[in-house]
> 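Take a look at this one; I'll ask things after.
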Amino acid sequence: MLKLFKYLKPYRTNVVAVLVLVFFQSLSELFLPTLMSKIVDTGIVKGDTSYILKVGSIMLLVALVGTICAIVASFLASKAAMGFGKILRREVFTRVESFSLPEFNKFGTSSLITRTTNDITQMQQLVMVILRMMVSAPLMCIGGIIMAVSKDAKLSLVIVVIIPVLIAAIYLLTKKTVPLFQTMQGKLDQLNLVLRESLTGIRVIRAFNRIDYEKERFQAANRDLTGTAVKVFKMMAALMPFMMLLLNLTTLAIVWFGGIRIDNGYMQVGDLMAFIQYVMQIMFSLLMVSMMFVMIPRASASASRINEVLETVPTIIDSELVTSASSLRGYVEFKDVIFSYPGAEKPALKQISFTAKPGQTTAIIGGTGSGKSSLLNLLMRFYNVDSGSILVDGVDIKEMSQASLRAKIGYVPQKAVLFTGTIADNIRYGKEDATDEEVWQAAEVAQATEFITGMKDGINSSIAQGGTNVSGGQKQRLSIARALIRRPEIYAFDDSFSALDFKTDAKLRLALKKETLNSTVLIIAQRVSTVMDADQIIVLDEGEIVGVGKHQELLNSCNIYKEIVYSQLSEEELA
């Protein structure tokens, strides 16, 4: 947890100011009971009104100073704690953005969201409490003991008896709650996971009439979290009544023994009142310490989860010696590539070797699970190959920076992803400084202008979260336009035409030919009609290349390709 406090450095001036202000606030609170005892024992006994007014004015001044210090300290502490949270969220988000896909799969989306929100909020609250109480609680406790002893040393033995009891109670509470808080954060992850799946999959849930099942699934996760939370907060809640019981018993004992000492002439009434006030301060300072110790277990669990994210080193990082691409432009070469997904029993790709050149279209086809999308995942370097190499423009992609590699590629994923904003914003995601003319040009090639012009604000029409206000085919076309506007060396289409009707598909491929004359085009497709005109067709089966060639060549030489073709097209269509 201490590792995270380094992010408070930008607010160290605020922290120092808070500590100084809290110090003066605590001093003012320590002096007030002594001043009060002087009024009772001197001013009232002697009937000296001027003395009472004089000391009373000093009390008001001290109280005012303490109040001002408390207000300013609270403001600065809040500013430091919120700033700490802001920096921590930025650091976690930046680290998560640098993760490769294996790290995302390791943590899970729901857990990363919880760590970035709930866990950091716990740390913010702890920082706030520490800044306000770190100086105040020890100073009030130690100062209160000193002042109480100065009033009556023998009566202070009551404090000696009570403090060890309080410390033991706080220790036992902390020991029992730390594991429970760690468990609770994990169960919060699970609740977020179930909730996220239920919201994103609402169409499937309704289509299969599984609403009741999902309700019960959510209730189970909710009950699990609630049970743990109730258990831990019961323990925490027991601390406050216990503390108040001890406080009242201590006050009763002080009044009892103090009354005896006053009766014997060893103590004055004002001193007894001040003594009670100091004991109250000692007890409340210990109560503040107990509050910190209650928060520390949960914050500690959150801190370890945040540190886990910050200390995770991405498996895919840029080489120390980055190599620039040669004079070649758009050349892609796979050399004996073998690749397995983490935890998989067998490779997803085996001995993959082929070359894709500029001005050519290379199509990849095969059955479900044959490894088609894995090829593009490796080309984009979302994963590293197990063995072999992938060359782009004559350079191994491991020796290139990830930014320069991906700048060469216009990637259209299998599942079209749109972001909140306008149509123009989404298309410009591929090129930030693109003009409106370039946006319209990309949309026209992607066959998107027809539905864009039909919308109220054209390219400035809003896109809802996840693109829910446009159809699947429209999302695909906008996703294609986003890749086209980059005018990259390499176009990578991962089954990007599946949501389009045959007419739109044909028009789009015809427009693409003119747009990509000097670029390398890689197309992954399920439809034979999409790949028939490709310069090179690669047929995959169970992660291996079983055929390479043009359409007619493969019909004569590759049984797998022939089966795919005859499953989709009739002999008349082939003729």
Side-chain angles (χ1 to χ4, degrees), residues 18-42 55 58-59 62-63 65-67 69-70 73 129-174 239-296:
V18 168
L19 298 181
V20 171
L21 289 167
V22 169
F23 176 79
F24 283 111
Q25 177 198 345
S26 301
L27 284 180
S28 70
E29 291 179 11
L30 285 170
F31 280 118
L32 284 173
T34 299
L35 293 170
M36 179 191 68
S37 68
K38 287 184 177 180
I39 291 176
V40 173
D41 292 334
T42 305
V55 178
I58 295 171
M59 281 185 70
V62 170
V65 170
T67 303
C69 288
V129 170
I130 285 177
L131 287 178
R132 294 289 291 114
M133 299 181 183
M134 187 171 60
V135 171
S136 178
L139 187 64
M140 293 288 287
C141 183
I142 297 167
I145 291 171
I146 292 170
M147 297 298 284
V149 171
S150 70
K151 292 296 178 186
D152 194 304
K154 286 188 178 180
L155 194 57
S156 301
L157 291 173
V158 176
I159 304 171
V160 175
V161 173
I162 210 70
I163 286 178
V165 178
L166 279 173
I167 292 172
I170 293 168
Y171 171 76
L172 289 172
L173 181 75
T174 306
L239 182 64
M240 182 62 74
F242 180 73
M243 292 283 289
M244 295 308 297
L245 177 64
L246 283 179
L247 179 63
N248 290 327
L249 288 174
T250 304
T251 306
L252 186 64
I254 290 168
V255 172
W256 177 271
F257 292 112
I260 294 171
R261 291 188 66 75
I262 290 171
D263 190 46
N264 294 331
Y266 297 117
M267 196 177 191
Q268 293 184 350
V269 175
D271 287 337
L272 178 61
M273 292 174 65
F275 192 92
I276 292 172
Q277 288 295 315
Y278 286 127
V279 171
M280 292 280 188
Q281 288 177 355
I282 294 166
M283 297 289 284
F284 276 109
S285 66
L286 289 173
L287 187 62
M288 287 192 286
V289 170
S290 71
M291 285 176 62
M292 276 201 297
F293 277 102
V294 163
M295 294 185 70
I296 284 171

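We use all heavy atoms of the structure for the numbers below, so side chains are in, but hydrogens, waters and symmetry mates are not. None of these values were measured; they are calculated from a predicted model.
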> For the residue pair Val165 and Phe242, establish whether any side-chain heavy-atom pair is separated by less than 4.5 Å.
yes

> Of all the heavy-atom pairs spanning Gly66 and Gln25, show the shortest one and how long it is.
O-CG, 3.7 Å

> Between Ile146 and Ile142, is a side chain to side chain contact (heavy atoms under 4.5 Å, CB included) present by the stated rule, with each step listed?
CA-CA 6 Å; Ile146 292 170; Ile142 297 167; 3.9 Å; yes

> Taking Ser136 for its side chain and Met133 for its backbone only, find out whether a donor-acceptor pair lies under 3.5 Å.
no

> Nearest 0.5 Å please: distance from the CD1 atom of Ile254 over to the CG atom of Leu249.
11.0 Å

> With a 3.5 Å cut-off and no angle check, do the side chains of Gln277 and Gln281 form a donor-acceptor pair?
no

> As an exercise, state the distance from CD of Glu29 to CE of Met280, rounded to the nearest 0.5 Å.
14.0 Å

> Rounded at 0.5 Å granularity, tell me how far CZ in Phe24 sits from CG in Leu19.
12.0 Å

> Minimum heavy-atom separation for Ala73 to Leu21, with atom names?
N-CD1, 3.8 Å

> Go through the steps to decide whether Leu30 and Tyr278 satisfy the test side chain to side chain contact (heavy atoms under 4.5 Å, CB included), and finish with yes or no.
CA-CA 8 Å; Leu30 285 170; Tyr278 286 127; 4.3 Å; yes

> Taking side chain as C-beta onward, heavy atoms only, is Val279 less than 4.5 Å from Thr251?
no

> Determine the minimum heavy-atom distance between Met140 and Ser26, stating which atoms define it.
SD-O, 3.8 Å

> Test Val22 against Val18 for side chain to side chain contact (heavy atoms under 4.5 Å, CB included), laying out the working first.
CA-CA 6 Å; Val22 169; Val18 168; 4.0 Å; yes

